[in-house]
Novice: 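Just dropping this structure here.
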Amino acid sequence: MVQQVDVLICGSGSAGLCAAAWLARTGINCKILERSSGPMQLGQADGVQCRTVKVFESFGLAEDLLKAAYRVLEVTFWSSDAEGNLVRTNRTADTMPGLSHQPHVILNQAHINGFLLHDMHRSNGQKVDYGYSVKNVQVHSTAAAQPDAYPVTVTTEKDGIEEVFNAKYVLGCDGAHSSVRRSLGYKMIGDSTDAVWGVMDVYPRTDFPDIRRKATLRSNSDSKNVRLDDLHHAARQIFHPYTLDIADTFWWSAYSIGQRLADHSSKDNRVFLTGDACHTHSPKAGQGMNVSLQDGYNIGWKLAAVLKGRASTELLKTYNLEREKVAADLIDFDRSFTKLFSSKSSTTNGHGPEYFAQQFIKSGQYTAGLTAKYEDSMITSASLSRQELAKGLVIGMRFPSAQVVRFCDAKAMQLAKALPADSRWRVVVFGGNLQNRANAERLNKLAAFLSSSAGPVHRFTPANNDIDSFIEPILVLHGSRVQIELEQIPSYFWPVTGKWRMRDLHKTFVDDESYNSGHGHAYEKYGIDVDEGAVAVVRPDQYVSLVTGLDDHEAIGQFFAGFALRPVVAA
C-alpha cells in the first residue's frame with residue numbers, strides 16, 4: 001500500500017530534526033525516515049555557535065542546552081619556537097564583547113538532537129521511524145505544478161520489505177552520501193586537498209596549562225598516517241615540551257579535506273536538500289552541524305507557512321536563494337580557514353605566529369554564525385526600506401538582541417525573547433518617547449492603520465483567530481518607564497487574546513534603566529533616532545525583512561501583500 005504524507009524527511013540529523021521541530025510546533029505531522037536503528041548515541045560534531053544557541057532560544061530550549069554544555073570563554077594560540085618547543089603566543093575572548101548575548105558552547109551532537117527529538121514529540125507527538133533505507137526518489141514534474149498534489153514518490157526498504165510513500169514535499173537530510181541527491185542525479189562539485197587531518201576525543205593526562213581552554217596548537221610536527229597510534233604519537237610531538245598521556249580514546253577519525261557543493265539544491269520546488277547532502281567541508285571552523293541545523297530552521301518555517309495556507313509555494317524558492325549563498329560563502333571561508341590551519345607553524349603567508357592569531361580573531365563573527373545576509377526577495381525588501389532609520393538593523397540579517405525593560409512588570413530581558421519561533425511575523429515598532437507629542441501622534445496613526453480592516457493584520461489573519469496570530473506587534477519605547485501610563489499606549493499593542501480573552505500586556509518594552517541589570521541602550525545599538533523612531537518587520541526566523549518609518553503605512557502594507565495569502569472563507 002502506498003502511504004501519503006505532506007512532508008517526508010529523509011534523515012534525522014540536525015537539519016531534519018530542526019525542520020521537523022518547526023513543523024511540529026505548528027501542528028503539522030511529517031514522516032521522518034532514518035537509516036540507523038535508533039537515535040544518535042555519539043555525534044562527531046560538538047561546537048555550538050552563538051547563532052545556533054539563539055535558534056534554541058527561539059524554541060525555548062536555550063536554558064536546557066546551556067545547562068548541559070561547556071561554555072567556551074577564551075581561546076589561546078600556541079606555536080613552535082626556534083627550538084621546536086610549543087609556546088603560547090596570544091590569547092583572546094572566544095566571543096568578542098557585544099557580539100552576541102548568547103555564548104559559544106561545546107555539546108555533543110547527540111545531545112543537541114535529543115533536545116529537538118524531545119521538543120517535537122512534546123509539541124504534537126512527532127517521532128522518527130528508524131531502520132529505513134531510501135532506494136529511490138522520483139518527482140512527477142507535471143503534477144508538481146499543482147499545489148495540492150503529492151508529486152514525489154519515495155521508495156524505501158525496511159527489514160527487506162519495500163514501502164512506498166507519496167509526498168507533497170521531501171527534505172533530503174541524509175548526509176554527504178545522500179540517497180535523495182543521488183536519486184535526483186545531482187552531483188557534488190568541488191575538490192579535495194592532500195592534507196590529512198586527524199580528530200580525536202580523548203581522556204588526556206597532561207601538564208599542558210590550557211587543557212580547559214579552547215586552544216590552537218600549530219607545530220612543525222606532522223603526520224599523514226591514519227592509524228590511531230600515529231595520531232597519538234603526532235599529538236605527543238605537537239604538545240612538546242608538555243607531556244600528554246592519553247588514558248583512552250572515545251572516538252577518532254582521519255580524513256582528507258575537501259570542499260564540495262551540490263550542483264542543485266532542490267527539484268521542482270518539491271524536494272529540498274539540506275546540510276551535508278548539499279555542502280561538505282572541513283570540521284575545523286565548527287560549522288557543519290550549525291549550518292545544517294540552520295538549513296532546517298530556514299525551510300521548516302517556510303513549509304509550515306505554505307501548508308497552513310499563509311503563503312504561496314513561491315515562498316519555498318527563497319530557500320534556494322538564501323541557503324545556497326550561505327553554503328557557497330561557507331565553502332569559500334572553509335578554503336581560506338583550512339589553508340590558514342594547514343600552513344606550517346613558523347610562517348603563514350610569509351607572516352609569523354601573530355598573523356595566525358589575528359586572522360583567527362577576525363573570523364570570529366563568521367564562526368559565531370552572525371554574518372549571513374539574505375538578498376532581496378518576496379520576504380526581504382531593501383527596495384521598500386529606509387535603512388538609514390535603523391542602521392543597526394541590517395535588512396537581510398538576523399535581528400540582533402538588546403536588553404530592554406518589559407513595561408507590564410519591570411522585568412529586564414533580551415528583546416530576542418519576545419520573538420519566539422512560533423511562525424508569527426513581528427512588526428517591531430520603535431515609537432520613541434511618548435512625552436514627545438509628535439511621537440505619540442505617529443504611534444496612534446500607525447496603530448490605527450495596522451488594526452484597520454484595510455491593514456495587513458486583518459487582511460491576512462483568519463477571522464476566528466487571535467488578532468496577533470499571524471502578525472504580532474512589538475512596541476519598544478524610549479525614556480523613563482515610570483512616566484508612561486498604560487492608557488498612553490494604543491490598545492492595538494495590548495490586544496485581547498487567548499482562551500480567557502484577556503489583555504496581553506507582554507508586548508510593550510522600554511529602553512530604560514532597569515532595577516538590577518543596568519541600561520541596554522537599545523536605540524543606540526540599533527542606530528535609531530528617538531525623535532523619529534522606526535519600524536522593523538521581522539520574519540519568523542528572526543531575520544529583518546523591512547525597515548521603514550512609523551508614517552510609511554504604504555510600505556508595510558505593500559510588503560505583506562507581496563507574499564501573504566488572504567484566508568480562505570468557507571462557503
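The first residue in the sequence is number 1, and the count goes up from there.
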Novice: Measuring only between side-chain heavy atoms, which start at C-beta, is V2 closer than 4.5 Å to Q4?
Specialist: no
Novice: I'd like to know if the side chain of D263 reaches the main chain of Y186, judged simply by a donor and an acceptor atom lying under 3.5 Å from each other, with no hydrogens or angles considered.
Specialist: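 Side chain of D263 to backbone of Y186: no pair is present.
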Novice: So, do S100 and K54 sit near enough that their side-chain heavy atoms are less than 4.5 Å apart?
Specialist: yes
Novice: Any side-chain heavy atom of T249 within less than 4.5 Å of one from D201?
Specialist: no
Novice: Has the side chain of N124 got a donor or acceptor atom that lies under 3.5 Å from a matching backbone atom of Q126?
Specialist: yes
Novice: Check for me whether the distance between the ring centres of F59 and Y297 falls short of 6.0 Å.
Specialist: yes
Novice: In terms of heavy-atom contacts, does CZ of R335 have more than 12 from other residues, nucleotides or ligands at under 6.0 Å?
Specialist: yes
Novice: Is a donor on one side and an acceptor on the other found under 3.5 Å between the side chain of S178 and the backbone of V180?
Specialist: yes
Novice: Just so I know, are the side chains of L370 and L99 near enough to count as touching, which here means a heavy-atom distance under 4.5 Å?
Specialist: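 Yes, side chains in contact.
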Novice: Between R270 and Y169, is NZ or CZ placed under 6.0 angstrom from the six-membered ring centre and within 45° of the ring axis?
Specialist: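 Here R270 passes the 6.0 Å and 45° test against Y169.
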Novice: Decide if the gap between the ring center of W301 and the ring center of Y319 is smaller than 6.0 angstrom.
Specialist: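 No: the rings miss the under 6.0 Å criterion.
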Novice: Is the shortest side-chain heavy-atom distance between L303 and I28 below 4.5 Å?
Specialist: no
Novice: Does H177 have more than 12 heavy atoms from other residues, nucleotides or ligands lying within 6.0 Å of its NE2?
Specialist: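 Not more than 12 within 6.0 Å, no.
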Novice: Quick one: does I112's side chain get under 4.5 Å of L107's, heavy atoms only?
Specialist: yes
Novice: Measure from the ring center of F449 to the ring center of Y492 and say whether it is less than 6.0 Å.
Specialist: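 No.
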Novice: With a sphere of 6.0 Å drawn around CD of E157, does it hold more than 12 non-hydrogen atoms of other residues, nucleotides or ligands?
Specialist: yes
Novice: If you count the non-hydrogen atoms of other residues, nucleotides and ligands that lie under 6.0 Å from NZ in K158, is the total more than 12?
Specialist: yes
Novice: So if I apply the side chain to side chain donor-acceptor pair (under 3.5 Å) rule between Y374 and each of E322, K325, R323, R539, which one comes out positive?
Specialist: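 When E322, K325, R323, R539 are each tested with Y374, the side chain to side chain donor-acceptor pair (under 3.5 Å) holds only for R323.
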Novice: Considering only heavy atoms from C-beta outward, does the side chain of K302 approach that of N298 to under 4.5 Å?
Specialist: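 Yes, side chains in contact.
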Novice: Side-chain contact, heavy-atom cut-off 4.5 Å: I471 with R424?
Specialist: no
Novice: By ring pair (Phe, Tyr, Trp, His ring centres under 6.0 Å), which residues pair with F165, not counting sequence neighbours?
Specialist: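 With neighbours one apart ignored, the set is empty.
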